[in-house]
Amino acid sequence: MKTPPPRAHGGPAILAALREAISCGQLAPGAVLRQAELAEQFGTSRIPVREALNSLQAEGLVQIEPNRGAFVTSLSADELHELFDLRVLLETDVLRRAVPLHTERSLRRLEAVQHELDGETEPQEWLRLDRSFHDELYAPSARPRSLQMIASLRASVERFYLSHLGPEARRPGWNDEHQQLIALLRAGDAESACAMLAQHLRQTEKLAISTLEGASS
């Protein structure tokens with residue numbers, strides 16, 4: 001088992017590193033997470049590792065079973081569909097609240113992130129920038145609990161579509177949809193922006209399910 005191992009001693013750093021390893025597919029569904037091995041990799045005791053695994057279990061990324069240990073969770077197609085249903089509900093709600101609160105400054109920040117996305121070719125960096133785009137998109141909603149839930153849902157599903165983020169695959173269409181979202185925000189058209197966002201998320205769901213089905217075939 002290999003994770004990106006900064007020699008981290010703090011629980012938050014270990015949590016972030018493990019979350020990233022799961023999200024990018026470096027730790028595959030079903031991978032065993034042994035506390036002793038992780039503690040050695042991160043140069044720490046088992047306590048912060050145990051805390052990180054408990055947090056990942058709360059996020060739905062890890063399953064801890066008595067007498068068996070911790071495993072990276074697997075999902076079925078039905079479970080993925082349910083998670084995307086929740087994403088659509090929550091993300092369209094916060095976007096609807098955010099649209100009238102966006103300012104010229106917030107829109108310029110959103111456009112700056114999108115400009116980086118348009119030129120990015122490395123999948124993991126593209127995925128990080130895509131998170132930043134959605135964070136900026138929803139930020140004016142001032143709904144911290146909803147945003148926390150959205151981040152958790154995204155972390156649960158994004159590992160299933162990372163493999164489709166090659167330069168000639170989904171990204172061109174994804175970037176076009178982002179540009180349309182920015183235009184609708186500038187027009188103040190909340191309902192059309194929410195419809196575009198729902199379409200955007202459903203296209204992503206198709207990629208996630210395709211990855212899942214490809215892995216199980």
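Every value quoted in this text rests on a predicted model; they were computed, and no experiment measured them.
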| request: Return yes if some donor-acceptor pair links the side-chain N/O of S156 with the main-chain N/O of E59 below 3.5 Å, else return no. | output: yes
| Do you know the tightest heavy-atom contact between S74 and P29? | OG-CB, 3.4 Å
| query | Any idea which heavy atoms bring G60 and T73 closest together, and the distance? | reply | O-OG1, 2.9 Å
| field | Sub-4.5 Å side-chain heavy-atom contact between S132 and R128 | value | yes
| note | Taking every heavy atom of P48 against every heavy atom of T44, the minimum-distance pair comes out as CG-OG1, 3.2 Å
| Are the side chains of L61 and V72 in touch, meaning some heavy atoms are under 4.5 Å apart? | no
| request: Applying side chain to side chain contact (heavy atoms under 4.5 Å, CB included), run through I14 and L38 and close with a yes or a no. | output: CA-CA 9 Å; I14 295 170; L38 291 170; over 6 Å; no
| Between L147 and L89, is there a shared hydrophobic cluster once you connect ILVMFWY residues whose side-chain heavy atoms come closer than 4.5 Å? | no
| note | Heavy atoms of I209 and A77 approach each other most closely as CD1-O, 4.3 Å
| Just how far is it from atom CD of Q35 to atom CG of L33, taken to the nearest 0.5 Å? | 9.5 Å
| remark: Between the CG atom in L117 and the CG atom in N175, the distance rounded to the nearest 0.5 Å is 5.5 Å
| task | May I ask you to test the Y138-L90 pair for a side-chain heavy-atom distance under 4.5 Å? | result | no
| said: List the residues meeting side-chain contact (heavy atoms from CB on, under 4.5 Å) with S76, not counting sequence neighbours, and say none if there are none. | reply: D78, E79
| task | Measure the CG-CE distance between L86 and M149 for me, rounded to the nearest 0.5 Å. | result | 7.0 Å
| message | Going by side-chain contact (heavy atoms from CB on, under 4.5 Å), name the residues that satisfy it together with R154, two or more places apart in sequence or in a different chain. | response | R87, L127, D130, R131, H134, E158, Y161
| query | Would a 4.5 Å heavy-atom cut-off, applied to side chains only, mark E20 and Q26 as touching? | reply | no
| query | Hey, mind stepping through I182 and Q180 against side chain to side chain contact (heavy atoms under 4.5 Å, CB included) and telling me if it holds? | reply | CA-CA 5 Å; I182 293 171; Q180 291 180 61; over 6 Å; no
| said: Can you tell me how far apart OG (S210) and NZ (K206) are? Round to the nearest 0.5 Å. | reply: 11.0 Å
| request: I would like to know whether V113 and D135 meet side chain to side chain contact (heavy atoms under 4.5 Å, CB included); could you show each step before the answer? | output: CA-CA 10 Å; V113 174; D135 288 346; over 6 Å; no
| task | Evaluate the side-chain proximity of L80 to E205: yes if any heavy-atom separation is below 4.5 Å, no if none is. | result | no
| task | Check for a donor-acceptor pair, side chain of T92 on one end and backbone N or O of V88 on the other, with a separation under 3.5 Å. | result | yes
| task | Carefully, step by step, assess D118 and Q114 under the rule side chain to side chain donor-acceptor pair (under 3.5 Å). | result | CA-CA 6 Å; D118 286 337; Q114 185 56 43; 2.9 Å; yes
| If you take all heavy atoms of E120 and W126, which pair is closest and at what distance? | CG-N, 3.6 Å
| field | Shared hydrophobic cluster, L107 / V94 (ILVMFWY, side-chain heavy atoms < 4.5 Å) | value | yes
| Crowded around E65 CD? As in, over 12 foreign heavy atoms under 6.0 Å? | yes
| Just by modelled atom types, is the L95 backbone N or O under 3.5 Å from a matching donor or acceptor in the S141 side chain? | no
| query | F71 versus V62: any side-chain heavy-atom pair under 4.5 Å? | reply | no
| said: I need the N54 CG to L15 CG distance, nearest 0.5 Å. | reply: 10.5 Å
| request: Determine whether E37 and E40 make a side-chain contact, defined as any pair of heavy atoms from C-beta on separated by less than 4.5 Å. | output: no
| message | Any salt bridge linking E111 with R108? Criterion: basic side-chain nitrogen under 4.0 Å from a carboxylate oxygen. | response | no
| said: Can you tell me if Q57 has over 12 outside heavy atoms packed within less than 6.0 Å of its CD? | reply: yes
| Would you call the rings of H200 and W174 parallel, tilted or perpendicular, where under 30° means parallel and over 60° means perpendicular? | perpendicular
| said: When you compare the side chain of L53 with that of L18, does any pair of heavy atoms fall below 4.5 Å? | reply: yes
| CD on E91 to CG on L201, rounded to 0.5 Å | 5.0 Å
| Does any N or O in the side chain of H102 come within less than 3.5 Å of the main-chain N or O of L137, such that one atom is a donor and the other an acceptor? | yes
| How far apart are the closest heavy atoms of P140 and A98, and which atoms are they? | CB-O, 3.9 Å
| task | Would you indicate whether I64, at its atom CD1, is surrounded by more than 12 heavy atoms from other residues, nucleotides or ligands within a distance under 6.0 Å? | result | yes
